[in-house]
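Right, one structure below, let's go through it.
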Amino acid sequence: MKNLKKFCTILLFALINFSCAAKENQNPQKKEGVMNSYISVSMENGLKMLSESKNAVLLDVRRIDEYKGGHIPESILFTNETMTQEKAEKLIPSKNTKIFVYCRSGRRSKEASKKLIEYGYKNVVEIGGILDYSGKLEN
């Protein structure tokens with residue numbers, strides 16, 4: 001009877017441990033017990049946050065022709081379609097840099113934000129599309 005209790009206790013512990021490990025592997029963005037994800041805010045709120053942030057980067061992830069047609073002042077072109085981890089690390093070496101991302105309508109900025117999180121960046125803010133921007137544009 002004593003051996004049966006011991007066996008059941010070990011079996012129960014193993015099942016609980018295996019179950020927890022399986023749940024952790026279901027979420028590819030979970031690292032070291034912390035959920036890594038970008039946040040999405042409106043263009044207006046994002047630009048306000050940007051103005052209050054030190055050493056932040058504003059990324060325009062549209063195509064080069066779109067960028068040349070008009071972009072938010074001080075934004076840096078980093079085309080979503082050609083974005084790689086190597087290019088990101090050259091452009092933004094610190095993974096702790098606060099990065100604000102926009103595109104035309106918000107679709108590509110979400111894709112780019114997800115990539116940046118996958119590359120290990122920790123402070124990514126997706127602010128939607130330039131269609132929601134009402135300020136001055138640079139060419």
Side-chain angles (χ1 to χ4, degrees):
M1 186 69 154
K2 192 173 182 181
N3 285 340
L4 182 59
K5 282 184 182 182
K6 194 180 218 182
F7 174 76
C8 288
T9 302
I10 292 171
L11 181 61
L12 182 61
F13 177 76
L15 287 172
I16 290 170
N17 210 12
F18 176 75
S19 175
C20 291
K23 284 182 183 178
E24 281 187 24
N25 292 331
Q26 288 175 358
N27 188 344
Q29 292 181 341
K30 188 171 183 175
K31 295 178 184 172
E32 297 178 16
V34 177
M35 175 62 106
N36 294 321
S37 184
Y38 64 89
I39 63 168
S40 289
V41 299
S42 69
M43 176 64 73
E44 181 180 354
N45 287 339
L47 293 176
K48 183 176 187 287
M49 291 168 63
L50 174 65
S51 71
E52 297 168 352
S53 299
K54 291 183 180 179
N55 303 317
V57 174
L58 177 61
L59 292 184
D60 184 326
V61 296
R62 299 176 298 157
R63 297 184 319 267
I64 192 166
D65 60 310
E66 294 174 295
Y67 183 81
K68 286 182 177 179
H71 56 272
I72 298 173
E74 299 184 32
S75 64
I76 299 168
L77 177 64
F78 193 28
T79 307
N80 180 49
E81 290 79 10
T82 61
M83 185 182 289
T84 65
Q85 184 168 354
E86 183 178 300
K87 289 178 183 178
E89 290 171 350
K90 284 182 182 175
L91 182 64
I92 309 167
S94 173
K95 302 285 177 120
N96 292 316
T97 300
K98 193 145 206 172
I99 306 170
F100 294 85
V101 185
Y102 77 92
C103 63
R104 186 186 69 81
S105 65
R107 183 184 58 79
R108 287 176 284 181
S109 59
K110 286 176 179 50
E111 290 174 2
S113 295
K114 183 178 176 186
K115 287 179 191 178
L116 291 166
I117 291 297
E118 289 170 358
Y119 300 160
Y121 291 91
K122 298 177 183 2
N123 296 303
V124 180
V125 182
E126 187 272 325
I127 62 173
I130 199 167
L131 293 176
D132 296 322
Y133 177 71
S134 58
K136 178 185 127 194
L137 294 176
E138 286 184 350
N139 290 343

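- The salt bridge (charged side-chain N to carboxylate O under 4.0 Å, His left out) pairs that include a residue from residues 71-88 are Glu86-Lys90, where partners are two or more places apart or lie in different chains.
- Sorted by first then second residue, the salt bridge (charged side-chain N to carboxylate O under 4.0 Å, His left out) pairs that include residues 124-139, not counting sequence neighbours, are Lys110-Glu126.
- Nearest heavy atom pair, residue Cys103 against residue Ser109, reads SG-N, 3.3 Å.
- By the criterion of side-chain heavy atoms lying less than 4.5 angstrom apart, applied directly or through intervening Ile, Leu, Val, Met, Phe, Trp or Tyr residues, Leu131 is not grouped with Leu77; the two fall into different hydrophobic clusters.
- For the side-chain hydrogen bond (donor to acceptor under 3.5 Å, both in side chains) test, residues two or more places apart in sequence or in another chain that qualify with Lys115 are Asn80.
- Under a 4.0 Å N-O distance rule, the pair Lys48/Glu44 does not qualify as a salt bridge.
- Using a 4.5 Å cut-off between side-chain heavy atoms of Ile, Leu, Val, Met, Phe, Trp and Tyr, with links allowed through other members, Tyr67 and Phe78 fall into different hydrophobic clusters.
- Every residue meeting the salt bridge (charged side-chain N to carboxylate O under 4.0 Å, His left out) condition with Glu111, not counting sequence neighbours, appears here in chain and number order: Arg107.
- For the pair Glu89/Lys95, a side-chain contact is recorded, criterion being any heavy-atom separation below 4.5 Å from C-beta on.
- Judged as a side-chain hydrogen bond (donor to acceptor under 3.5 Å, both in side chains), and not counting sequence neighbours, Thr97 has no contacts.
- In the hydrophobic clustering of ILVMFWY residues, with side-chain heavy atoms under 4.5 Å counting as a link, Ile64 and Met83 come out apart.
- Side chains of Val101 and Val124 form a contact here, defined as non-hydrogen atoms less than 4.5 Å apart.
- The other members of the hydrophobic cluster of Leu137, by chain and number, are Ile39, Val41, Met43, Leu47, Met49, Leu50, Leu58, Ile72, Phe100, Tyr102, Val125, Ile127, Ile130, Tyr133 (side-chain heavy atoms under 4.5 Å, ILVMFWY only).
- Considering only heavy atoms from C-beta on, Thr79 stays 4.5 Å or farther from Val61 through its side chain.
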